[in-house]
Structure formats: C-alpha cells, structure tokens
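Below is one structure, written out as structure tokens; comments come after it.
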Amino acid sequence: MLQTRFAIAAVALLACSTTASAQFAPPPARPAAPKATAPSLRAPSCHNGASFDRFLADVKSQAVAAGVSQRTIAEASPYLVYDQGIVNRDRGQRVFGQLFTEFAGRMAAPYRMQNGQQHIKNHASAFARAEKEYGVPPAVIAAFWGLESDFGANMGNLPTLKSLVSLAYDCRRSEMFVNETIAALKIIDRGDLTPDEMVGSWAGELGQTQFLPVHYVNYAVDYDGDGRRDLLRSEDDVIGSTANYIANGLKWRRGEPWLEEIKVPQNLPWEQTDLTVQQPRSKWAQLGVTYPDGRPLPNDNLPASVLLPMGRTGPAFMAYANFAAYTEWNNSLIYSTTAGYLATRIAGAAPMRKPAAPVAQLPFNELKQLQQLLVQAGFNVGKVDGVLGQQSRAAVKAMQIKFGLPADSWPTAELLARMRGGTAQAQPAGVVR
C-alpha cells in the first residue's frame, strides 16, 4: 500500500473476501514461535558471504543502536528465523492484471461501497475526529480499509518478524527489509504489539490497512486512548492512523477533490491526457470535457489531469492533486484508480459509465512483443513482462506521437503493426496494471 511497496496489489487483493457479509474479524490465533527453515548453503553475495546467524547478529546490533532494548531483542529472537519459502514467494510474485473495468467491477463492487458506508456510520465519532484533525474525508479512509483487508477480515496469517528478516537476508531489497525489521522491533519495544501478535501478510505488512512497520512506527496513533497503537484490533486506531499517514505521509490537500468521472470529446488532444499534464478545469472545459451527464465543469483554475486507464474509448476521469496520494500508496494504476473510484462511490457518486463498446486489448504475447520493440527503440519500460505499467504507458504514448496516432497511452494493434512494419489484429486478452 505504501510508496516503498512493490506492486503486489492485485495478488493481495485476489485473496480478499468476495462475500458481501465480510465484517471485521479478529486476527488469527497467535502462532507458536516459528521454526527456522534452513537457508541455502551459499550465503547471499550482498552480505559478503555471511551466514544468516551472522547477518542476524548484525541486524540486532543495528536495532540496539537505534534504541531497541535488549529485552525486546530477547522476546523477538524466537521469531527472527529464516524461511526460504517467503523468499521464494517474493521472487516468484506476479501481478495478475486485467482490464480496469473488470478489476474495479470486482474490487469496488456495491457490497464494498455499502460496507464502507456502514463502517463510517458505525465509527462516526472517530471518522469525524480524523477528518477534523487531518483533513482526510471518511470515504477516502474507508476505501483503503476495504480494499486492503475487507475491513479487517483478511490481514494475513504469517509471522511478521519471520517474513521481514527472511526478506532482509535476501539481496533483492535487503536494506529496505533490514529497516523494516528494526521498525517492527520498535513497535514491540514501545508496547504496541507483542512478537506473537505480529501476524500479517507474507511481505511483512501489518493491520487492517496493511502498514509496513516503518510506517506503523511513524504514523500509527492511539485513537482509542488505551495506550497502544493497535492496527490489528482497534478500529479507532486504524481510522486515525490511516488518516495520519494519508495526510502527513502522502501529503493530502485538505478540502480538495481526488477523482471524478468525466466525459471526453472525440477530438481531445490525446497527448495531453496524462497524469504528468495538469491544466485548469476551465481549460479542460474549453476543450469539451464535461461531467458524464453533460453538465459543464466548473470554470475555475483548479489544476487537474485527464486520466484514461483504458485509453480514449474506456472510462475517463479527472484526477486532481490528491490523486497523487493514491499512486504513492500503490503505484499500480489499476489499483490506485480503483481505490480513488471506490472512495467516490462511498462518498455518494454514481457508478461509472460502461464503455460504449468493448475496449480492444492486445493479447499477452503481443503486449510483451510491443515492450521488446519499445526497448529496441530506446525506451525503458522496466521489466518486459507483458504488463502495462507506467513506464510502458509513457513509452507507448511517445511512439503514438511519433507515428501520428491518438496518443492516449493505450497499446493497440495499429501501433504494434507500425512498430513491426506489418499488420496485426487486436484480440481480447492481455495483462495490464
């Protein structure tokens, strides 16, 4: 969920409950201290050949230097064990994507909107306090709460310390997870959670809005006054802490919108439809952008971008400065747009319009080939994986401009044909994120 978080949104969300009756459930029973799974015989190169035990001793020393008590180190030690299965899971992760309308249709379903509205009613005092103190609307908090854990029903069931220290010993993001391990020890040290209470996702995230430990340390607040910051069991702490993180970690702008559905004309300058391009709403109105029902946009100078998650024939949104909080929470465009859209629905907005016709999408293999051709043309698309991430979208737009095609960042058979120097037909398959 966080800006340092790798793009695993869809994987995590596919595990969320899809039952309309999902409500808050207590965290799973506390597990016994986990047993170590022996690391591979060859120690990771990033640790200069150090064994896991030597590596762990260094991490503990760093934690003590950062102010963690020896008592906490002793309490946590039975849980600081290596699990190759966690590392394998991290290395093998895939982001399962689909069209935005399919993903949003499932994850921002009416039951989740209604559940969010009910939670706002049930915890009206905490939501009102959070909005007053941090300026974050209740619907924004509730949308993240629902997407991340179905309001506490699905927080994960793996020992957090084991996950963190295993990922720290691996070289892929070692420094990040060393810091997260030390932060988890600080959470224990200040009395928020005990080692056996720290149960969550395999990636080390904790609580009902899935905070990594560093953000738990920095932004969790005691909103129910019991002396602990408990994001697993206290709904009030969840609400206050999530608001604090959105406001101060993600720089939410009080009183400003985040996302609105719009209707775009067929002759819009498509090269300007990008999150990196901001114009006053009055300028977009002059270009023919309206609300879905035809009402005009406000004739003001509020900066906004036109967001087309599926190109010019799919849904269209006006994204404001506050939308950056969503892309910082999770950099998957499908996740961030879905989270923003769900928040508007919880706040009372109408469902988005369905595209007039199915949006043509390149099949997986052709999208991967397009990425390869973009790399050959000198673009950095990140991993060539058949997944349309932000770098791939930017490269697609640049090539669309070069070939004189509508530059809406959506890969098409025509673009692929131009880059191949031949012809192609789009098929209804593929992966986007």
Close side-chain approach of [X] and [Y], heavy atoms under 4.5 Å:
| X | Y | answer |
| --- | --- | --- |
| Arg353 | Lys263 | yes |
| Asn122 | Glu235 | no |
| Trp258 | Pro137 | yes |
| Thr337 | Phe323 | yes |
| Gln286 | Gln279 | no |
| Asn365 | Gln369 | no |
| Leu415 | Gln400 | yes |
| Glu366 | Arg420 | yes |

Please give me the minimum heavy-atom distance between [X] and [Y], naming the atom from each residue.
| X | Y | value |
| --- | --- | --- |
| Glu205 | Leu212 | CG-CD2, 3.6 Å |
| Tyr223 | Glu133 | OH-OE1, 2.8 Å |
| Met155 | Leu232 | CE-O, 3.6 Å |
| Ser282 | Asn299 | CB-OD1, 3.0 Å |
| Pro213 | Gly204 | CD-O, 3.5 Å |
| Arg295 | Asp293 | NE-OD2, 2.9 Å |

Derivation and outcome, side-chain contact (heavy atoms from CB on, under 4.5 Å), residues Met318 and Leu297: CA-CA 10 Å; Met318 192 70 75; Leu297 297 176; 3.4 Å; yes

What's the spacing between [X] [atom1] and [Y] [atom2] if we round to 0.5 Å?
| X | Y | atom1 | atom2 | value |
| --- | --- | --- | --- | --- |
| Ser392 | Leu367 | OG | CG | 7.0 Å |
| Leu164 | Glu180 | CG | CD | 6.5 Å |
| Leu405 | Glu271 | CG | CD | 12.0 Å |
| Ser125 | Phe127 | OG | CZ | 11.0 Å |
| Asp408 | Asp274 | CG | CG | 10.5 Å |
| Ile262 | Thr290 | CD1 | OG1 | 8.0 Å |

So, does [X] use its side chain to make a donor-acceptor pair with the main chain of [Y] at under 3.5 Å?
| X | Y | answer |
| --- | --- | --- |
| Gln117 | Ile346 | yes |
| Gln371 | Val387 | yes |
| Gln278 | Leu275 | no |
| Thr273 | Leu307 | no |
| Ser174 | Ala168 | yes |
| Arg190 | Val217 | yes |
| Asp150 | Ala153 | no |
| Asn218 | Val214 | yes |
| Asn322 | Glu256 | yes |
| Ser336 | Thr327 | no |

Just grab all the ring pair (Phe, Tyr, Trp, His ring centres under 6.0 Å) pairs involving residues 271-318, residues at least two apart or on different chains. Phe100-Phe317

Is a salt bridge present between Arg228 and Asp226, judged by a nitrogen-to-oxygen distance below 4.0 Å?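 Answer for the salt bridge query: no.
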
I'd like to know if Glu414 pairs up with Arg418 as an ion pair, taking the criterion as any Lys NZ or Arg NE/NH1/NH2 lying under 4.0 Å from an Asp or Glu carboxylate oxygen. yes

Give a yes or no on this: more than 12 heavy atoms of other residues, nucleotides or ligands lie within 6.0 Å of atom CZ of Arg253.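 For Arg253, atom CZ is not crowded (no more than 12 foreign heavy atoms under 6.0 Å).
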
Residues Tyr82, Tyr169; criterion ring pair (Phe, Tyr, Trp, His ring centres under 6.0 Å); working and verdict: CA-CA 8 Å; Tyr82 184 86; Tyr169 189 55; 5.5 Å; yes

Output field: ring centroids Phe211/Tyr219 closer than 6.0 Å: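 Centroid separation for Phe211 and Tyr219: 6.0 Å or greater.
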
Using the rule ring-ring contact (aromatic ring centres under 6.0 Å, His included), only one of Tyr320, Phe144, Tyr335 pairs with Tyr326; which is it?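 Exactly one candidate clears the test, Phe144.
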
Any side-chain donor near an acceptor of the partner, Glu261 and Tyr341, under 3.5 Å: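 Absent: no donor and acceptor within the cut-off.
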
Passing option when Arg229 is tested against Asp192, Asp237, Asp222 for side-chain hydrogen bond (donor to acceptor under 3.5 Å, both in side chains): Asp192

Where do Leu342 and Met107 land on the side-chain contact (heavy atoms from CB on, under 4.5 Å) test, with the steps shown first? CA-CA 8 Å; Leu342 176 57; Met107 302 310 299; over 6 Å; no

Could you walk me through whether Ile188 and Leu161 pass side-chain contact (heavy atoms from CB on, under 4.5 Å), step by step? CA-CA 11 Å; Ile188 299 167; Leu161 291 172; 4.0 Å; yes

Hey, what's the ring geometry for His123 with Trp145, parallel, tilted or perpendicular (30° and 60° as the breaks)?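 Ring orientation of His123 relative to Trp145: tilted.
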
Under the side-chain contact (heavy atoms from CB on, under 4.5 Å) rule, what do Glu148 and Thr242 come out as? Steps first, then yes or no, please. CA-CA 12 Å; Glu148 291 292 341; Thr242 305; over 6 Å; no

